[in-house]
Number of protein chains: 2
Amino acid sequence: MGEKRTPSGFLLKQRAFLKLYLITLTEQERLYGLKLLDVLRQEFKPFGYRPNHSEVYKALHDLIEDGILKQVKQKKEGMKYQEVVYYRFAEGGQEKAKLYKRQLKAELDRCAALIRKAIEDNFG
Amino acid sequence: MGEKRTPSGFLLKQRAFLKLYLITLTEQERLYGLKLLDVLRQEFKPFGYRPNHSEVYKALHDLIEDGILKQVKQKKEGMKYQEVVYYRFAEGGQEKAKLYKRQLKAELDRCAALIRKAIEDNFG
DNA sequence: CAATGAACATTATGTTCATCC
DNA sequence: GGATGAACATAATGTTCATTG
């Protein structure tokens, strides 16, 4: 009967990666779930990475639980009836977002270094 | 009732990463499981990555199934009775290893680019 | 049918147990 | 106790289904 698991500290998880992007996108434009998915897929297409809709929704829900984002249900542009869920920063969310991004920056740097090392060690 | 899963193409998996290192280490020195684990932990310690013994064994077993490595059971240096499992290339394994490494090189480059992009997009 | 979300399924990986010198 | 491996358990994430407008 297992207890909590301690991560081995390999590369960062997809969820965290998406949360980072979703914060940054929220700083920039007002978008809703599936649109965010579209944008991300476009961005990552040249890199062979195609996130799925569930991961994006879970990342968004995570950010809400973290107190970083909040939902704003609104009629879709132009549409009369289609209501979609936009996101903006929660009260105090900006600060928490800044903190999260700082952590992720360190994490990305770490991963970059690990990968660089692997390239050197195995192909240098 | 789920079918096969298609990977989203995010970062490379720990297993593949370890297999790459185990091939390279096999090219260099003759080591057995737990020693390989030691070496890897030492290497990655500064990067906050600490693989566990099961992952290393599974990676080695994978490489055997791939026809890349084979086991050589031998008495441990100096020890009279302690028998350990060393690894060397299987027949034709060198070629397959070369192929695998080529794939992993591409994969590592892709991951490096993805991470670099994330740093630019979110902190640039 | 687009959008959201939950339920469900599987894979990746971490932890514990068994066995053998 | 070191070494190997399998069994077991959980976490991460992909796929399908339900609901709503």
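Residue numbers start from 1 in every chain, and the chains themselves are labelled A, B, ... in the order their sequence lines are given, proteins ahead of strands.
Neither OP1 nor OP2 of dT4(C) sits under 4.0 Å from any side-chain N or O of Q71(A). Y57(B) has a side-chain polar atom (N or O) that falls below the 4.0 Å cut-off from OP1 or OP2 of dT4(D).
The CD1 atom of I64(A) sits 11 Å away from the C1' atom of dT4(C) (whole-angstrom rounding). Protein atom CG of L40(A) is 16 Å distant from nucleotide atom C1' of dT13(D), rounded to whole Å. Rounded to whole Å, atom P of dT4(D) lies 14 Å from atom CG of L69(B). In this structure, the CZ atom of R50(B) is 13 Å from the C1' atom of dT15(C), given to the nearest Å. Rounding to whole angstrom units, CG of residue L37(A) and P of dG14(D) are separated by 12 Å. Taking atom CD of E55(B) as the reference point, atom C1' of dA6(D) lies 14 Å away to the nearest angstrom. Distance, D62(B) CG to dT13(C) P: 11 Å, rounded to whole Å. Nucleotide dG21(D) holds its C1' atom 12 Å from the NZ atom of K73(A), rounded to whole Å.
The side chain of H61(B) sits closest to dG5(D) out of dT13(D), dG5(D), dA3(D). Here the side chain of R5(B) is nearest to one of dA3(C), dT15(D), dA3(D), namely dT15(D). Here dG14(C) is the nucleotide among dA2(C), dG14(C), dG14(D) with the atom lying nearest to any side-chain atom of N52(B).
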Q: Determine, step by step, whether Y86(A) and Q71(A) satisfy the side-chain hydrogen bond (donor to acceptor under 3.5 Å, both in side chains) criterion, reporting the C-alpha distance in whole Å, the side-chain angles of both residues, the deciding distance to 0.1 Å, and the verdict.
A: CA-CA 6 Å; Y86(A) 291 90; Q71(A) 298 192 323; over 6 Å; no
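For S54(B) against dT13(C), a side-chain-to-base donor-acceptor contact under 3.5 Å is absent. Side-chain atoms of T6(A) stay outside donor-acceptor range of the base of dT15(C), with no qualifying N/O pair under 3.5 Å.
Residues L99(A) and L25(A) fall into different hydrophobic clusters, defined by Ile, Leu, Val, Met, Phe, Trp and Tyr side chains chained together at heavy-atom separations under 4.5 Å.
Counting non-hydrogen atoms under 4.0 angstrom, Q14(B) reaches the backbone sugars and phosphates but no base. Among the heavy atoms of the strands lying under 4.0 Å from Y87(A) are primed sugar atoms or P, OP1, OP2 only; no base atom is included. Nucleic acid contact for H53(A): base, since at least one base atom lies under 4.0 Å from a heavy atom of the residue.
Place L34(B) and S8(B) on DNA chain D by their nearest nucleotides, and L34(B) ends up nearer the 5' end. In terms of position on DNA chain D, the residue among K58(B) and D38(B) whose nearest nucleotide sits closer to the 5' end is D38(B). Annotation: of the two residues near DNA chain C, V85(A) and A16(B), the 5′-most nearest-nucleotide partner is V85(A). Annotation: of the two residues near DNA chain C, Y49(B) and L60(A), the 5′-most nearest-nucleotide partner is L60(A).
In this structure, the separation between NE2 on H61(B) and CZ on R15(B) is 10.0 Å, given to the nearest 0.5 Å.
Nearest heavy atom pair, residue R110(A) against residue F47(B), reads NH1-O, 2.8 Å. For the pair L40(A) and P51(A), the tightest heavy-atom approach, listed with the atom from each and the gap, is CB-CG, 4.3 Å.
For K45(B), there are no salt bridge (Lys or Arg N to Asp or Glu O under 4.0 Å) partners two or more places apart in sequence or in a different chain.
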